[in-house]
Amino acid sequence: MKLYQKLRTAVPRLVLSQEDEEEDEEEEEDADTPTPTGHSRLAPWWVGSGLLLSAVLLSAVTVWVLRQVSGGWHSPTPPSQCHQVPESHRFDCYPERRVVVTRELCEGRGCCFIETSPAAGGKRGVPWCFYPPDFPSYALQSLNQTALGMAGLLVRREKAYYPRDIGVLRLDVELETDTRLHVKITDAANPRYEVPLDVPRAKKRAENPIYSLDFSKDPFGLLLRRRDTGTVLLNTTVAPLIFTDQFLQISTALPSRFLYGLGEHRSTLLHSLDWSTLTLWARDVSPTESFNLYGAHPFYLLLEEGGDAHGVFLLNSNAMEVALQPAPALTWRTIGGVLDFYIFLGPDPNAVIQQYQEVIGFPAMPPLWALGFHLCRWGYGSSNETWQTVRAMRNFQIPQDAQWNDIDYMDGYRDFTFDAQKFASLPSLVEDLHKHGQHYVMILDPGISSTSPRGSYWPFDEGLRRGLFINTTQGQPLIGQVWPGYTAFADFSNVDTRRWWLENLQRFHAHVPFDGVWIDMNEPSNFMDGSEEGCPPGELDSPPYTPAVLGDSLSAKTVCASAKQSASVHYNLHNLYGLMEAEATASALIQIRGKRPFVISRSTFPSQGRYSGHWLGDNRSQWKDMYYSIPGMLSFSLFGIPLVGADICGFSGSTSEELCTRWMQLGAFYPFSRNHNSQNEKAQDPTVFSPAARTAMKDMLLTRYSLLPFLYTLFHRAHVHGDTVARPLFFEFPQDTATYGLDRQFLWGRSLLVTPVLEPGVDSVMGYFPRGVWYDFYTGSSVNSSGEMLKLSAPLEHLNLHLREGSILPTQKPGPTSKASRGNPLRLIVALSPGATAWGDLFWDDGESLDTFERGSYSYLVFNATENIFTSSVLHTSTKAASTTIGTLSIYGVQEPPHKVLLNGQEKPFSYLDNQVLTVSGLGMGLGQAFSLQWL
């Protein structure tokens, strides 16, 4: 491949890297100042850069125009150059699907054509048509220092092969923090659509960045290195940059093959770089390998050799695909907007995700009841049958915090209604739930029925009167078809729509006082392709290039890309639809209930964790679906949406008792835990199974409820610090390469290892234990691992849970609901390291009020163990949150039997078992009381 050419400092006023400081203070004062990212804004770059950049722009445009007149596309490359390109480094020049790429088509683009053996299984393999080493790209015309970094111009030498080529681009590089770099490429002369996401703006240039940046002049390229290791994290010189109106492409070499993220897809956690393409375009389809699914998350995390990690986020909401190849390398292709990259330097995986969330926003703190067990099905058929299920759960004393209903509660599947015959007792059911400390959640879809007689259905009538629906190109409401029949689609990009949505929810809440909202079908889903009239001809619905979307069309099972919304065309906003609905719904719930909102959404986009959780969609009652739920859950932890889970026991198809038992065990450790299934299938709630299976499910839910203080604290840390809740093992052990591909186990926080059974007919399971001491959660018995796979006993009633050395977990005696549990005494479990140390913490508040941390209405305790002394330190306390007491302390790994135990200097009775577990009960210490316990 062509070596990059470093831009020499001898060129006047051009800089090579962020280290170059050639401009004086006066020029710094005149440099660019940041402007908020927004929709279709014109970047005012010339204001601060003076006449020189304006002259350079004029000169660059002139050069580009002359070359178009005299040049055209790149001439064919000699075959000898083509054969010099290794197969793994061949970047696809003809990525169009459903096209048989011939030599004539390929060379018409000026690219190399070499046939290779087809890939197995009909997959795309080594591209036959690929870029030659000298394929024309942009050249770096100028580069100048700014207050935050650098700004420059890129000029294309020859026309690209997609229409409306943009010849001169604006490059902005901002060194926002020591661990965050912002690189943006856009049209230098004309405004383009940008994602209306509120992102932080740096106020000063990073002083000690842990990265260094160099540029290639011709072809233009960016090389980003990690300072301490010299690892090249990005190298965009490997393939040409293309920037046309509806086709934007940039490639980079990768420093390793350990790449994660890029959702939403069904796959292993660790992506294959064997010529795979991941498409990001929100789509309603049952989770299936290789399909673009419900949400779009253009973010990846990559582990480098040696265990460092970095992340890359492309802030772009247009349809896109990411092509992976074994070089290793990656290519971004999107069909609109701008190339707006954030790079996060970590250096460890946890830090990368924290830095990512500093840009997109930290997730909301959920109410405590959201972390309890939820139960739902499509097909209860009536409120009385729903109520019978709730009563059966109570009779068997199986924990449950929330009862849900799917669309069968509605009158004719219309939003904001309920069936007056079959669900007549729904208000009474909700009242009964509230009396028992439980909650009610109902489903809503964004498709509003358009066929009711005028004046009979307020949501449509009022939405039509105010002009709140997505419109066709002719300015009329776009009519599609969803569950109620013909429907219009709410335009959540319109602020007036959010008011209308609130009013609808208020009107319904007056009759059915729901507690949370489940927003489904919000890709948005449409049973038609486009609309009842199809989609108009044009390059929004039929763009020059269509990414590899399911259905081969942007309008497949959704609305027309050309449809008009308040903020822009649907072509730009499609992937934002679920985010905008989630934001509107969360805001409405706050205004209606005055408490923390609970929203679960199917479609998602970066920053959605601020407003909702997510479930992984319409899975099936199959063992492989249970397995795929783990990488799905862990991927959403990377995406900043920690409140995530799958439909326990599977949505479609009939489960078996064994599958459902194993899935209930796993699902008890989804951060969001809900059992849900479809109509016309046998019930699968815990009460319908044999006594043995029912007991196993109940015991697992009781274990979850006992861990609610720990889980709640993890969500607090996610909300305040951007920590993950459920996390892959490599997050905690990035130096251990054996953890890089593990996605059949996971951790809660840094401390609790979950090893579920994912196969039928077995009574044991293999699990990997990183180096160190691990304790059986239930018994305290220890295993000292050298970093190895261990065979664990796993009878049907048992889920293996292990505590990591050096951790302290707050647990609680479980009750039938989270409300009942929270009044019970706490039990702290201390898992000592070989050096007899441990650490843990607890965040506790009333479980539902808004902004308790921000208002100081909480208790926060830090626990430490060292040199045979346990201490509980109160860092913050609130009278409302301090009524709970600490009753028991269990210490795992006490090497020698103690002679006595002292609580604040006073002797206390204790027990000590042969497996080195010390237990002290009857402590009775309030959360507001600091104390120490010593064993001698």
Chemist: Answer yes or no: is there a donor N or O on one side and an acceptor on the other, between the side chain of H271 and the main chain of G261, under 3.5 Å?
Modeler: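 Checking the backbone N and O of G261 against the side chain of H271, a donor-acceptor pair under 3.5 Å is found.
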
Chemist: Will you find, in the side chains of S601 and N522, an N or O donor that is under 3.5 Å from an N or O acceptor?
Modeler: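 N522 and S601 do have a side-chain donor-acceptor pair below 3.5 Å.
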
Chemist: Taking side chain as C-beta onward, heavy atoms only, is L747 less than 4.5 Å from T724?
Modeler: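 Of all side-chain heavy-atom pairs linking T724 with L747, none is under 4.5 Å.
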
Chemist: The test is side chain to side chain donor-acceptor pair (under 3.5 Å); show your working for Y380 and T389 and say whether it passes.
Modeler: CA-CA 9 Å; Y380 282 122; T389 301; 4.7 Å; no

Chemist: Just verifying a value: how many Å separate T713 OG1 and W748 CH2, rounded to the nearest 0.5 Å?
Modeler: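 Output value for this atom pair is 11.5 Å.
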
Chemist: Within this structure, what is the CG-CD1 distance for the pair D685 and I648, rounded to the nearest 0.5 Å?
Modeler: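 So the gap between those two atoms works out to 12.0 Å.
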
Chemist: Evaluate the side chain to side chain donor-acceptor pair (under 3.5 Å) criterion for residues W663 and Y670: first the C-alpha distance (whole Å), next the side-chain angles of each, then the deciding distance (0.1 Å), finally the verdict.
Modeler: CA-CA 10 Å; W663 210 329; Y670 294 153; 2.8 Å; yes

Chemist: Any sub-3.5 Å donor-acceptor pair from T279's side-chain atoms to A548's backbone N or O?
Modeler: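 At least one qualifying donor-acceptor pair exists.
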
Chemist: Do N350 and E732 make a side-chain contact, defined as non-hydrogen atoms from C-beta onward lying under 4.5 Å apart?
Modeler: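 A side-chain contact under 4.5 Å exists here.
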
Chemist: Please test R596 against D845 for salt bridge (charged side-chain N to carboxylate O under 4.0 Å, His left out), starting from the C-alpha separation and ending with a verdict.
Modeler: CA-CA 13 Å; R596 283 177 227 163; D845 60 12; 2.8 Å; yes

Chemist: Is the distance between the ring centroids of F639 and H614 under 6.0 Å?
Modeler: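 No; F639 has its ring centre 6.0 Å or more from that of H614.
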
Chemist: Who are the salt bridge (Lys or Arg N to Asp or Glu O under 4.0 Å) partners of D348, not counting sequence neighbours?
Modeler: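 Once residues adjacent in sequence are excluded, D348 has no partner under the salt bridge (Lys or Arg N to Asp or Glu O under 4.0 Å) criterion.
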
Chemist: Locate the shortest heavy-atom distance separating L280 from H265; write the atom from each residue and the value.
Modeler: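 Scanning both residues completely, I find the closest heavy atoms to be CD1-CE1, 3.8 Å.
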
Chemist: Taking the ring centre of each residue, are W378 and W483 less than 6.0 Å apart?
Modeler: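 Distance test on ring centres: under 6.0 Å, yes.
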
Chemist: With side chain to side chain donor-acceptor pair (under 3.5 Å) as the test, would you mind laying out the steps for Y768 and D736 before giving the verdict?
Modeler: CA-CA 11 Å; Y768 182 77; D736 185 350; 2.6 Å; yes

Chemist: At their closest point, which heavy atom of P686 faces which heavy atom of I398, and how far apart are they?
Modeler: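 Looking at all heavy atoms of both residues, the closest pair is CB-CD1, 3.8 Å.
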
Chemist: Between F769 and H802, is the gap from one ring center to the other below 6.0 Å?
Modeler: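 When the ring centroids of F769 and H802 are compared, they turn out to be within the sub-6.0 Å range.
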
Chemist: Is there a donor-acceptor contact under 3.5 Å linking the side chains of T268 and D743?
Modeler: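 Short answer, no.
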
Chemist: How about Y712 and F715: are their ring centroids closer than 6.0 Å?
Modeler: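 Ring centres of F715 and Y712 not closer than 6.0 Å.
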
Chemist: Would you mind reporting whether V312 and F341 have side-chain heavy atoms less than 4.5 Å apart?
Modeler: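 Yes, their side chains come closer than 4.5 Å.
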
Chemist: Using 30° and 60° as the class limits, which term best fits the ring planes of Y294 and W615: parallel, tilted or perpendicular?
Modeler: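 Parallel: the ring planes of Y294 and W615 meet at under 30°.
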
Chemist: So do N316 and D340 actually touch side chain to side chain, heavy atoms under 4.5 Å?
Modeler: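 They are not in contact (no side-chain heavy atoms under 4.5 Å apart), so the answer is no.
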
Chemist: Going by disulfide (SG to SG under 2.5 Å), name the residues that satisfy it together with C376, two or more places apart in sequence or in a different chain.
Modeler: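 Residues passing disulfide (SG to SG under 2.5 Å) with C376: none at all.
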
Chemist: Are the side chains of R602 and D284 in touch, meaning some heavy atoms are under 4.5 Å apart?
Modeler: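 A side-chain contact under 4.5 Å exists here.
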
Chemist: Output yes when K595 and D515 qualify as a salt bridge under the 4.0 Å nitrogen-oxygen rule, no when they do not.
Modeler: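 No salt bridge links K595 with D515.
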
Chemist: Would you compute the distance between atom CG of L324 and atom OG1 of T277 and round it to the nearest 0.5 angstrom?
Modeler: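 The CG atom of L324 sits 7.0 Å away from the OG1 atom of T277.
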
Chemist: Determine whether F291 and R283 satisfy the following criterion, side chain to side chain contact (heavy atoms under 4.5 Å, CB included), listing intermediate values before the conclusion.
Modeler: CA-CA 9 Å; F291 288 178; R283 168 66 193 251; over 6 Å; no

Chemist: Can you name the closest pair of heavy atoms from A296 and F605 and give their distance?
Modeler: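 So the minimum-distance heavy-atom pair works out to O-CD1, 3.3 Å.
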
Chemist: Report the relative orientation of the aromatic rings in F853 and Y858; use parallel for angles under 30°, tilted for 30 to 60°, perpendicular for over 60°.
Modeler: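 It falls in the tilted class, 30° to 60°.
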
Chemist: Charged N to carboxylate O under 4.0 angstrom, D406 versus R377?
Modeler: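 Looking at D406 and R377, the cut-off is not met.
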
Chemist: Sub-3.5 Å donor-acceptor pair from the side chain of Q812 to the main-chain atoms of P814, do we have one?
Modeler: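 No.
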
Chemist: Within a radius of less than 6.0 Å around NZ of K819, do more than 12 heavy atoms belonging to other residues, nucleotides or ligands occur?
Modeler: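 No - once you tally the heavy atoms of other residues, nucleotides and ligands closer than 6.0 Å, there are 12 at most.
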
Chemist: Return yes if some donor-acceptor pair links the side-chain N/O of R620 with the main-chain N/O of G653 below 3.5 Å, else return no.
Modeler: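 It does not hold such a pair.
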
Chemist: Relative to the ring of Y860, is the ring of H716 parallel (under 30°), tilted (30 to 60°) or perpendicular (over 60°)?
Modeler: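 Plane angle between 30° and 60°, so tilted.
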
Chemist: E854 and H719: side-chain donor and acceptor closer than 3.5 Å?
Modeler: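 A pair is found: one side chain offers a donor N or O, the other an acceptor, under 3.5 Å apart.
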
Chemist: What pair of heavy atoms forms the shortest contact from T811 to P709, and how long is it?
Modeler: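 Answer, listing the atom of T811 first, then P709: C-CG, 4.1 Å.
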
Chemist: Begin with the C-alpha distance, continue with both residues' side-chain angles, and end with the deciding distance and a verdict on side chain to side chain contact (heavy atoms under 4.5 Å, CB included) for F843 and M365.
Modeler: CA-CA 12 Å; F843 175 86; M365 182 68 187; 4.2 Å; yes

Chemist: Where does the angle between the aromatic ring planes of W369 and H374 fall among parallel (under 30°), tilted (30 to 60°) and perpendicular (over 60°)?
Modeler: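 The rings of W369 and H374 sit tilted, inter-plane angle from 30° to 60°.
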
Chemist: Would you mind reporting whether F689 and Q684 have side-chain heavy atoms less than 4.5 Å apart?
Modeler: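 In contact.
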
Chemist: Considering non-hydrogen atoms only, spot the tightest contact between L711 and P671 and give its length.
Modeler: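 It is CD2-O, 4.5 Å.
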
Chemist: Shortest non-hydrogen contact from N318 to N575?
Modeler: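 Distance-wise, the nearest heavy atoms are O-ND2, 3.7 Å.
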
Chemist: Would S621 and N677 count as a side chain to side chain donor-acceptor pair (under 3.5 Å) if you check the C-alpha gap in whole Å, the side-chain angles of each, and the deciding distance to 0.1 Å?
Modeler: CA-CA 9 Å; S621 296; N677 72 322; over 6 Å; no

Chemist: Would you check, one step at a time, whether the test salt bridge (charged side-chain N to carboxylate O under 4.0 Å, His left out) holds for D625 with R266?
Modeler: CA-CA 9 Å; D625 287 64; R266 166 176 281 203; 2.8 Å; yes

Chemist: Find the distance between CD (Q355) and CZ (R180) and round it off to the nearest 0.5 Å.
Modeler: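 So the CD of Q355 and the CZ of R180 are separated by 8.5 Å.
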
Chemist: Below 30° counts as parallel, above 60° as perpendicular, anything between as tilted: where do the rings of F598 and F672 land?
Modeler: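 Answer is tilted, since the angle falls between 30° and 60°.
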
Chemist: Checking K557 against L550 for the side chain to side chain contact (heavy atoms under 4.5 Å, CB included) test, could you report, in this order, the C-alpha distance in whole Å, the side-chain angles of both residues, the deciding distance, and whether it holds?
Modeler: CA-CA 9 Å; K557 302 306 176 189; L550 178 63; over 6 Å; no

Chemist: With the side chain counted from C-beta on, respond yes when L659 and W623 share a heavy-atom pair under 4.5 Å apart, and no when they do not.
Modeler: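 The answer is yes, as the side chains (C-beta and beyond) meet within the 4.5 Å cut-off.
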
Chemist: Determine, stepwise, if the pair F258 / F730 fulfils ring-ring contact (aromatic ring centres under 6.0 Å, His included).
Modeler: CA-CA 11 Å; F258 305 117; F730 75 79; 9.2 Å; no

Chemist: Are side-chain N/O atoms of T755 and Q745 paired as donor and acceptor at under 3.5 Å?
Modeler: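 T755 vs Q745: donor-acceptor pair found between side chains.
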
Chemist: Can you tell me how far apart OG (S635) and CD (E264) are? Round to the nearest 0.5 Å.
Modeler: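 One gets 9.0 Å once the value is rounded to the nearest 0.5 Å.
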
Chemist: Let me confirm one number: the CE-CZ distance from M700 to R662, rounded to the nearest 0.5 Å.
Modeler: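 The CE atom of M700 sits 11.0 Å away from the CZ atom of R662.
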
Chemist: Compute whether any side-chain donor of one residue and acceptor of the other, for T386 and N405, lie under 3.5 angstrom apart.
Modeler: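 Yes, side-chain donor-acceptor contact under 3.5 Å.
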
Chemist: Are the side chains of F710 and S751 in contact, using a 4.5 Å heavy-atom criterion?
Modeler: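 Yes. Closest side-chain heavy atoms under 4.5 Å.
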
Chemist: Would you call the rings of F344 and Y342 parallel, tilted or perpendicular, where under 30° means parallel and over 60° means perpendicular?
Modeler: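 Parallel: the ring planes of F344 and Y342 meet at under 30°.
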
